[in-house]
Protein chains: 2
Amino acid sequence: MTEKATRPIRSDETLLAILEALEARTAPSVSDVATHAGVSKSTAHNHLSTLREHGYVVDGERGYELSLRFLELGESARTNTEIYEVARPHADELSRETGLLVNISVEDRGKGVYLYRTRGDDRIRLSTRAGEVHELHCTATGKAILAHLPKRRVESILDQHGLPKRSENTITERETLHSELAEIRERGYSVDDEEYGQGLRCVGVPVLNGDDAVIGALSASGPATEVVGERLTTELPTHLKQVRNRIELNLRDY
Amino acid sequence: MTEKATRPIRSDETLLAILEALEARTAPSVSDVATHAGVSKSTAHNHLSTLREHGYVVDGERGYELSLRFLELGESARTNTEIYEVARPHADELSRETGLLVNISVEDRGKGVYLYRTRGDDRIRLSTRAGEVHELHCTATGKAILAHLPKRRVESILDQHGLPKRSENTITERETLHSELAEIRERGYSVDDEEYGQGLRCVGVPVLNGDDAVIGALSASGPATEVVGERLTTELPTHLKQVRNRIELNLRDY
DNA sequence: ACGAGCGTTCGACCACGCTGAACGATTATC
DNA sequence: GATAATCGTTCAGCGTGGTCGAACGCTCGT
C-alpha cells in the first residue's frame with residue numbers, strides 16, 4: 001500500500017530522516033543528527049543550513065530545532081480535512097457538557113490520527129496531543145471509522161498493520177473485530193472498553209459526508225470508573241449521536 | 001539575519017518549494033506543483049512520489065496534499081517552546097472569563113507566530129489559526145515582545161522587516177515605536193488600538209522566563225466597541241498581568 | 001475521432017550531493 | 001595551563017544520481 005516511488009530522490013530521503021531526528025531528539029547537535037540520519041557530518045550540516053536558510057529549522061543555543069514553520073504546515077494539513085473546522089466547536093461544547101476528553105480523529109494511511117483533543121476541565125494537562133497516531137482496531141474513533149470503510153479497505157489495513165495488543169482487552173482476532181464492526185454499524189456507536197489502555201473507556205461515533213463516506217469520528221473518553229452504567233450504555237451514545245447529527249448538518253452547508 | 005548556507009542543497013530547495021506549493025494551493029496537480037516550484041514536471045513527480053512513499057504527502061482523488069505528518073511535526077515544534085504547555089490552560093481560562101479571543105504568540109525569525117488562539121464563545125468560527133505569522137510592530141503580543149528584546153535585536157528586526165502599514169493606526173515611525181515600547185515596559189502591558197486591523201482592539205502582556213528573557217506574550221482581543229473605557233485601561237491590563245504572574249510562577253517549577 | 005490536458009517513464013548528460021580529511025574554536029580532563 | 005577530545009564548519013574531488021525534455025498511455029471535453 002505504501003506507494004513505492006519509481007525513482008526515489010536520495011537527498012530528499014536524508015532530508016526527511018533529518019526531520020525525524022529533529023522530531024525525536026530535543027535540540028540535537030549536528031553530529032547527533034548525522035548519526036541518527038546515517039549520513040556524514042558534512043552532509044547533515046549542508047542539509048541543516050539549507051533548512052535554516054529557508055526558515056524550517058532554527059539553531060538555538062542548545063542545538064537545532066524544527067521551526068514554527070511546521071506549525072503553519074500542520075495547520076494547513078489539518079484545515080484541508082473535511083471534518084476539522086466544522087466539528088471542532090462541537091467537540092469543545094461536548095467536552096464542556098460531559099467533562100470528558102473529546103477527540104476528533106481521521107484515518108490517514110491506515111492509521112488513526114487525532115486532529116483535535118479537548119477537555120472541559122483544563123486543570124489536568126493533556127498528556128496526549130493532536131497529530132498523534134494510533135491503530136484503528138483498538139480505539140473508539142478507530143473502530144467507528146473502520147465500521148464504515150469498504151470491507152476490502154479494512155482487510156488491506158489489517159494486512160498492513162495487524163492487530164497489535166495494546167492492553168488486556170484489545171481485540172486481536174479478525175473475526176471478533178468484524179462482528180464488532182457489524183454491531184457498531186447496527187447500533188450507530190462504538191465502545192472502547194479498556195482496549196487501548198487500562199482504566200480508559202471511550203464512546204465514539206462515525207461522521208459521514210454527503211456521499212456516505214466516513215470522513216472521521218468523534219469520541220468522548222474518561223476513567224472507566226466514571227464511564228459506566230446508564231452513562232455508558234445510553235446517555236453518552238445518545239449525546240454523541242446528537243452531536244454527530246449536528247456536525248453532519250453543518251457539513252451540508254459547508 | 002537569514003543565515004546563508006555556504007553550500008545550499010538544490011534538491012532540498014526544490015523540495016521546500018514543493019511544500020510551499022502544496023500549502024498555498026489546495027490539492028494541486030503535479031503540473032501545478034511543477035510550475036509553482038519552477039521545475040520540470042518529471043522532477044516534481046519524483047519529489048512528490050518520494051514524499052508520498054514516506055507518508056509526507058497523500059494523493060487523494062483531487063490532487064496532492066500535505067499529509068497529517070505535518071501536524072505531528074508542528075505539534076513537536078510547538079511543544080518545544082518554553083511557553084506553550086504552561087500558558088495554554090491559562091489562556092483557555094482567560095478566554096472563558098473575558099469572552100474575548102485570547103492569543104499566545106512567540107517571536108520566530110523576526111516575526112510573531114500565534115502558538116494558540118482560543119475564544120470562550122465558540123459559536124463564531126475562528127477566522128485565524130495557530131501558526132499564522134504577523135509583524136511584531138502592529139500587534140499587542142508583538143509589541144510586548146519587542147519591548148523586552150535587546151535594543152540591538154529590535155533594530156535588526158526592524159531593518160529586516162520594516163514597519164509596514166497594516167491599517168490607519170499602524171505605527172510606521174521607528175521613533176514613535178521606541179517611545180511606545182518604553183511606555184510598555186513602564187506600565188507592564190501593551191495595547192493594539194486598531195493598529196493591525198480596523199475595529200480590533202487588543203491588550204497584551206509579555207511573559208518572561210527565569211533569566212528575564214521574553215519567551216512570548218499573551219493577549220486578549222475583541223471588537224473596539226467592546227474593549228473600551230475602564231475595561232481597556234484598567235480591567236483587562238490588571239487581569240492579564242495576574243494571568244502572566246501565574247504563568248511565570250508555573251514556569252519556575254516546569 | 002480528435003486534440004489537449006493529465007501523470008508517468010525513459011535515456012542521457014553533467015551538475016552537485018556525498019564523503020573524508022583538515023580546519024579553528026570550545027570544552028573536558030588531568 | 002597544557003593536552004586531548006569533540007564540537008561545527010570548510011574544502012577538494014569523485015562519481016552517483018538529480019535534472020530535463022521527449023515520448024508514452026490515459027482520461028477528458030469537443
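Source: prediction; values computed, not measured.
Atom CZ of A/Arg10 is surrounded by 12 or fewer heavy atoms from other residues, nucleotides or ligands within 6.0 Å. Within a 6.0 Å radius of CZ in B/Arg25, no more than 12 heavy atoms belonging to other residues, nucleotides or ligands are found.
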Using atom names, set out every protein N or O paired with an N or O of nucleotides 21-25 of chain D below 3.5 Å, distance rounded to 0.1 Å.
from   : atom 1 : to      : atom 2 : distance (Å)
D/dG21 : O6     : B/Ser42 : OG     : 2.9

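Taking atom CG of residue A/Asp59 and atom P of nucleotide D/dC7, one finds them 16 Å apart after rounding to whole Å. To the nearest angstrom, C1' of D/dC20 lies 11 Å from CG of B/Asn46.
Within the 4.0 Å cut-off from OP1 or OP2 of D/dT19, at least one side-chain nitrogen or oxygen of B/His47 is found. Put simply, A/His45 has no side-chain N or O that comes within less than 4.0 Å of OP1 or OP2 on D/dG8.
Contact check on B/Glu107 versus B/Arg153 returns a salt bridge, with a Lys/Arg side-chain nitrogen under 4.0 Å from an Asp/Glu carboxylate oxygen.
In terms of position along DNA chain D, the nucleotide closest to A/Pro28 lies nearer the 5' end than the nucleotide closest to the other residue of the pair B/Val39 and A/Pro28.
Counted by atom type alone, A/Ser40 and A/Thr43 present one or more donor-acceptor pairs between their side chains at under 3.5 Å. B/Asn250 and B/His90 are linked by a side-chain donor-acceptor pair at a separation below 3.5 angstrom, with hydrogens and angles left out of the test. B/His178 and B/Glu173 are not linked by any side-chain donor-acceptor pair at a separation below 3.5 angstrom, with hydrogens and angles left out of the test.
Consecutive pairing runs in DNA chain C reach the stem threshold at C:6-30 with D:1-25, where a stem means at least three Watson-Crick or G-U wobble pairs with distances under 3.5 Å.
Atoms CG and CG, on B/Asp12 and A/Leu15 in that order, are 4.5 Å from each other to the nearest 0.5 Å.
Scored by the side chain to side chain contact (heavy atoms under 4.5 Å, CB included) test, A/Arg109 finds B/Val58, B/Ser67, B/Arg69 as partners (sequence neighbours excluded). Remark: A/Ala91 pairs with A/Val102, A/Ile104, A/Tyr116, A/Thr118, A/Leu218 by the side chain to side chain contact (heavy atoms under 4.5 Å, CB included) rule, at least two apart or across chains.
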Could you walk me through whether A/Glu85 and A/Arg78 pass the salt bridge (Lys or Arg N to Asp or Glu O under 4.0 Å) check?
CA-CA 9 Å; A/Glu85 300 221 293; A/Arg78 175 149 74 169; over 6 Å; no
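Applying a 4.0 Å cut-off to non-hydrogen atoms, the residues of residues 8-19 of chain A that approach DNA chain D are A/Pro8, A/Ile9, A/Arg10, A/Ser11, listed by residue number.
In this pair, B/Phe70 and A/Phe70 present their aromatic rings parallel. The plane angle is below 30°, not in the 30 to 60° band.
Looking at B/Ser49, its side chain does come within 3.5 Å of a backbone N or O of B/His45 through a donor-acceptor pair. Here the side chain of B/Asp59 pairs no donor or acceptor atom with the backbone of B/Gly63 at under 3.5 angstrom.
Along DNA chain C, the stretch of nucleotides lying under 4.0 Å from any heavy atom of chain A spans, 5' to 3', C/dT9 to C/dG20.
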